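Remarks on the structure that follows.
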2 protein chains.
Amino acid sequence: MRIGELASQAGVSVRSLRYYEEQGLLTSTRSPSGQRHYTDDEVERVRLIQCLYAAGLSSRTIVEVLPCVDSPSERNSDEAFERLLQERERISRHIDELLQARDALDRLIDVNRAHRAQLTPR
Amino acid sequence: MRIGELASQAGVSVRSLRYYEEQGLLTSTRSPSGQRHYTDDEVERVRLIQCLYAAGLSSRTIVEVLPCVDSPSERNSDEAFERLLQERERISRHIDELLQARDALDRLIDVNRAHRAQLTPR
DNA sequence: CTAAGACCTGACACTGACGTCAGATGCAAG
DNA sequence: CTTGCATCTGACGTCAGTGTCAGGTCTTAG
């Protein structure tokens, strides 16, 4: 499949896919004329990448953990595995932050609702 | 209290405080010589702002919801209140994303642990 | 064959919350 | 008074993922 097809299947822009390749997150085979071709598997890979981006990992960090995706059996992915654990913790901390923020907003919402109830009693 | 004191108490940089003021998130009284002075309350306000930033709100968005913090009884904060609800939802969705990403990492971690156990049986 | 649309590389633009530097002024202690 | 640190304004730098444009090539339907 060509890049436009992959983009639409994975729900990202063509620009992003080229960027991922540039960053070493994605590889492609090239047709004689230089066009990128992908296998169906790449759709899932792109989705995973998107998921990690959404979780706040940078390209650099994703590159670092990819060995755990591509060759989990390699002994040389110790660093990658360590990184994986770190990122898991970071995400957990981030979730806690978001929960705190949501609580703060909930308190604000309650206070405001109370005031509103007073203003328009009916 | 002056800006350096507020910065250290709230755990942010002086630069950030000036930026918050520039964005309309924070106000200060000025001494005759032009130096900013703050009340103790501002510490909490800055912490709230930080919390909202951490939750992914932009300066612009924080400005929009601030009426709910400063004058929850004003009827004219309808837009602000609406925004507050929107952001709460956005945060909830973001939490879901992070949970999904964490699950994905957990699966990766499991797979890698399994491989590792095989490689070094002892 | 030809026109339209997909694709290529390369490059610049953008956004936003700061860091950082420069040059000037304020202020408290010795 | 002076030394040194805090503060002031203004401005430019940064980073990262992506949008977008330009100018050219490829592919495919008619």
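If you're wondering where the values come from, they're calculated on a predicted model, not measured in any experiment. Chain naming here is simple, since letters A, B, ... match the order of the sequence lines and numbering starts at 1 in each.
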Please, which pairs that meet salt bridge (charged side-chain N to carboxylate O under 4.0 Å, His left out) have at least one residue in residues 58-67 of chain A, sequence neighbours excluded?
Arg60(A)-Glu64(A), Glu64(A)-Arg83(A)
Please determine whether a side-chain nitrogen or oxygen atom of Arg18(B) lies at a distance below 4.0 Å from atom OP1 or OP2 of dT9(D).
no
I'd like to check Thr61(A) versus Gln86(A) (side-chain heavy atoms, cut-off strictly below 4.5 Å). Are they in contact?
no
Contacts of Glu5(A) that satisfy side-chain hydrogen bond (donor to acceptor under 3.5 Å, both in side chains) - sequence neighbours left out:
Gln9(A)
Please output the side-chain donor-acceptor pairs of residues 97-111 of chain B that fall under 3.5 Å, not counting sequence neighbours, one pair per line with the distance.
unit_1    : atom_1 : unit_2   : atom_2 : d
Arg102(B) : NH1    : Ser92(A) : OG     : 2.9
Asp106(B) : OD1    : Arg88(A) : NH1    : 2.6
Asp106(B) : OD2    : Arg88(A) : NH1    : 2.8

Residues in salt bridge (Lys or Arg N to Asp or Glu O under 4.0 Å) with Arg47(B), at least two apart?
Glu44(B)
Spacing of Glu22(B) atom CD relative to dT7(D) atom C1', expressed in whole Å:
16 Å
The correct set of residues in residues 82-104 of chain B placing a heavy atom under 4.0 Å from DNA chain C is none
Readout for nucleotides 14-22 of chain D: B = base within 4.0 Å of protein heavy atom, S = sugar-phosphate only, - = neither; 5' to 3' it is --SBBBB--
Only pairs at least two apart or in different chains count here, so list each salt bridge (charged side-chain N to carboxylate O under 4.0 Å, His left out) that has a residue in residues 23-33 of chain B.
Glu21(B)-Arg30(B)
What nitrogen or oxygen pairs link the protein and nucleotides 26-30 of chain D at under 3.5 Å?
unit_1  : atom_1 : unit_2   : atom_2 : d
dC26(D) : O3'    : Ser33(A) : OG     : 3.1
dT27(D) : OP1    : Ser33(A) : OG     : 3.4

In whole angstroms, the gap separating P of dG19(C) from CG of Leu17(B) amounts to 10 Å
To the nearest 0.5 Å, how far apart are CZ in Arg45(B) and CG in Leu25(B)?
7.5 Å
What pairs of residues pass the ring pair (Phe, Tyr, Trp, His ring centres under 6.0 Å) test when at least one of them lies in residues 3-49 of chain A, not counting sequence neighbours?
Tyr20(A)-Tyr53(A)
Under the side-chain hydrogen bond (donor to acceptor under 3.5 Å, both in side chains) test, residues paired with Arg113(B) that sit two or more places apart
none
The criterion is side-chain hydrogen bond (donor to acceptor under 3.5 Å, both in side chains); which residues satisfy it with Asp41(A), sequence neighbours excluded?
none
Atom-pair distance (CZ on Arg30(A); P on dT25(D)), nearest Å:
17 Å
Where at least one partner belongs to residues 79-109 of chain B, residue pairs that pass ring pair (Phe, Tyr, Trp, His ring centres under 6.0 Å), sequence neighbours excluded
His94(A)-His94(B)
What is the distance, to the nearest angstrom, from the CD atom on Glu5(B) to the C1' atom on dG26(C)?
17 Å
